[in-house]
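A quick write-up on the structure given underneath.
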Amino acid sequence: MTIQTSTEASEAYIALGANLGDREATLKEAISLLDEHPGITVLRCSNMYETDPVGYADQPDFVNMAIALQTTLAPEALLDVMLQTEQVLGRERIIRWGPRTVDLDLLWVEGHQLSTAHLILPHPRMFERAFVLVPLADIVPTGEASGLYRRVHDVLEQMDDKGGVRFWKACNWVSASVRSGS
C-alpha cells in the first residue's frame, strides 16, 4: 500500500467508539497507535462519554470520544491508517452498527471536501449524532477558520435528544513525545 503524504499538514478530527472489552484501554491504544504514525500527531482528546447504542440497540453501551490531529497524510491515506488500527485492535464487521472493540470515523479534514466510494468528507452523518458532536465540541477551538466550531455548537443547541450521551470521564491520554520529553 502506498501512503500519500503532503508537505502541508492539515488538522483532522476523528470520532472513536468502543463497546466490547476494556473500552477505555482500547480507545487509548487506538490513539497511541495513530500518534505513533510518522504522518500523524494527536493534538487534543475530548472527554469520554458513555452512550446508548444507536441503530442496533441490543448491545452494551459505548464509550465515545473525539480527537484532533495534525497530519501530512491525504484523507484516504489517513482512512487507511485508521482501518489498519481498527484491525490491529480486533475490529470485526459482523453486524452493521453492532458491537465492536473499536470504531474510528474520519469526520473532518481541514480544507477537504471529498466524495468517493470509500470516503465522504465531511462525514455525512456527523451533524445528526450527539455521540459525535458532544465530544467534538470539547476539542474544536473557538477561533478555527473553517466554521466547524460554530456549526458543531449551533447543531448541538438545536438538537433535541442528547440524553443518550453521558459524561463518563476525562481523557488522560498523553502523547509519546510528551511522555519521552521530546
Among all residues two or more places apart in sequence or in another chain, which pass the side chain to side chain contact (heavy atoms under 4.5 Å, CB included) test with Thr85?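 For Thr85, the residues satisfying side chain to side chain contact (heavy atoms under 4.5 Å, CB included) (neighbours in sequence not counted) are Ala30, Leu33, Leu34, Val81, Leu89, Leu104.
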
Side-chain heavy atoms of [X] within contact of [Y], under 4.5 Å:
| X | Y | answer |
| --- | --- | --- |
| Met48 | Lys28 | yes |
| Ile14 | Met82 | yes |
| Leu106 | His123 | no |
| Leu148 | Met126 | yes |
| Cys45 | Met65 | yes |
| Val165 | Asn64 | no |
| Leu73 | His37 | yes |
| Trp168 | Asn47 | no |

More than 12 non-hydrogen atoms from neighbouring residues, nucleotides or ligands closer than 6.0 Å to CD on Glu157, yes or no?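 More than 12 within 6.0 Å, yes.
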
Residues in side-chain hydrogen bond (donor to acceptor under 3.5 Å, both in side chains) with [X], at least two apart?
| X | answer |
| --- | --- |
| Asp154 | Arg150 |
| Tyr49 | Asp138 |
| Ser46 | none |
| Thr116 | Glu76 |

State plainly whether one hydrophobic cluster holds both [X] and [Y], where clusters connect Ile, Leu, Val, Met, Phe, Trp and Tyr through side-chain heavy atoms under 4.5 angstrom apart.
| X | Y | result |
| --- | --- | --- |
| Leu20 | Phe131 | no |
| Val152 | Leu43 | no |
| Leu114 | Leu79 | yes |
| Leu133 | Ile120 | no |

Taking Glu24 first and then Lys169, would you say they form a salt bridge - that is, a charged N and a carboxylate O separated by under 4.0 Å?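 Between Lys169 and Glu24 there is a salt bridge, with a charged N closer than 4.0 Å to a carboxylate O.
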
Which ring-ring contact (aromatic ring centres under 6.0 Å, His included) pairs, counting each pair once, include a residue from residues 16-36, with sequence neighbours left out?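 Qualifying pairs: none.
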
Side-chain ([X]) to main-chain ([Y]) donor-acceptor, under 3.5 angstrom:
| X | Y | answer |
| --- | --- | --- |
| Glu144 | Gly147 | yes |
| Asp105 | Ala15 | no |
| Asn19 | Pro60 | yes |
| Thr71 | Ser10 | no |

In chain order, what residues pass the ring-ring contact (aromatic ring centres under 6.0 Å, His included) check against His153, with sequence neighbours excluded?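 Only Tyr149 meet the ring-ring contact (aromatic ring centres under 6.0 Å, His included) criterion with His153.
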
Who pairs with [X] by salt bridge (Lys or Arg N to Asp or Glu O under 4.0 Å), at least two apart in sequence or on another chain?
| X | value |
| --- | --- |
| Glu29 | none |
| Arg151 | none |
| Asp61 | Arg166 |

Work out which heavy atom in [X] is nearest to a heavy atom in [Y]; give both atom names and the distance.
| X | Y | answer |
| --- | --- | --- |
| Trp108 | Ser146 | CZ2-OG, 3.3 Å |
| Ala18 | Thr101 | CB-O, 3.0 Å |
| Ala66 | Pro135 | N-CB, 3.7 Å |

[atom1] of [X] to [atom2] of [Y]: how many Å apart, nearest 0.5 Å?
| X | Y | atom1 | atom2 | result |
| --- | --- | --- | --- | --- |
| Leu136 | Tyr13 | CG | OH | 7.0 Å |
| Leu107 | Phe127 | CG | CZ | 8.5 Å |
| Leu78 | Leu83 | CG | CG | 9.5 Å |

Single hit among Asp35, Thr72, Leu69 for side-chain contact (heavy atoms from CB on, under 4.5 Å) with Thr41: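 Only match with Thr41 under side-chain contact (heavy atoms from CB on, under 4.5 Å): Asp35.
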
Using the salt bridge (charged side-chain N to carboxylate O under 4.0 Å, His left out) rule, collect all pairs that involve residues 39-51, keeping only residues at least two apart or in two chains.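 Matches after skipping sequence neighbours: Glu11-Arg44, Arg23-Glu50.
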
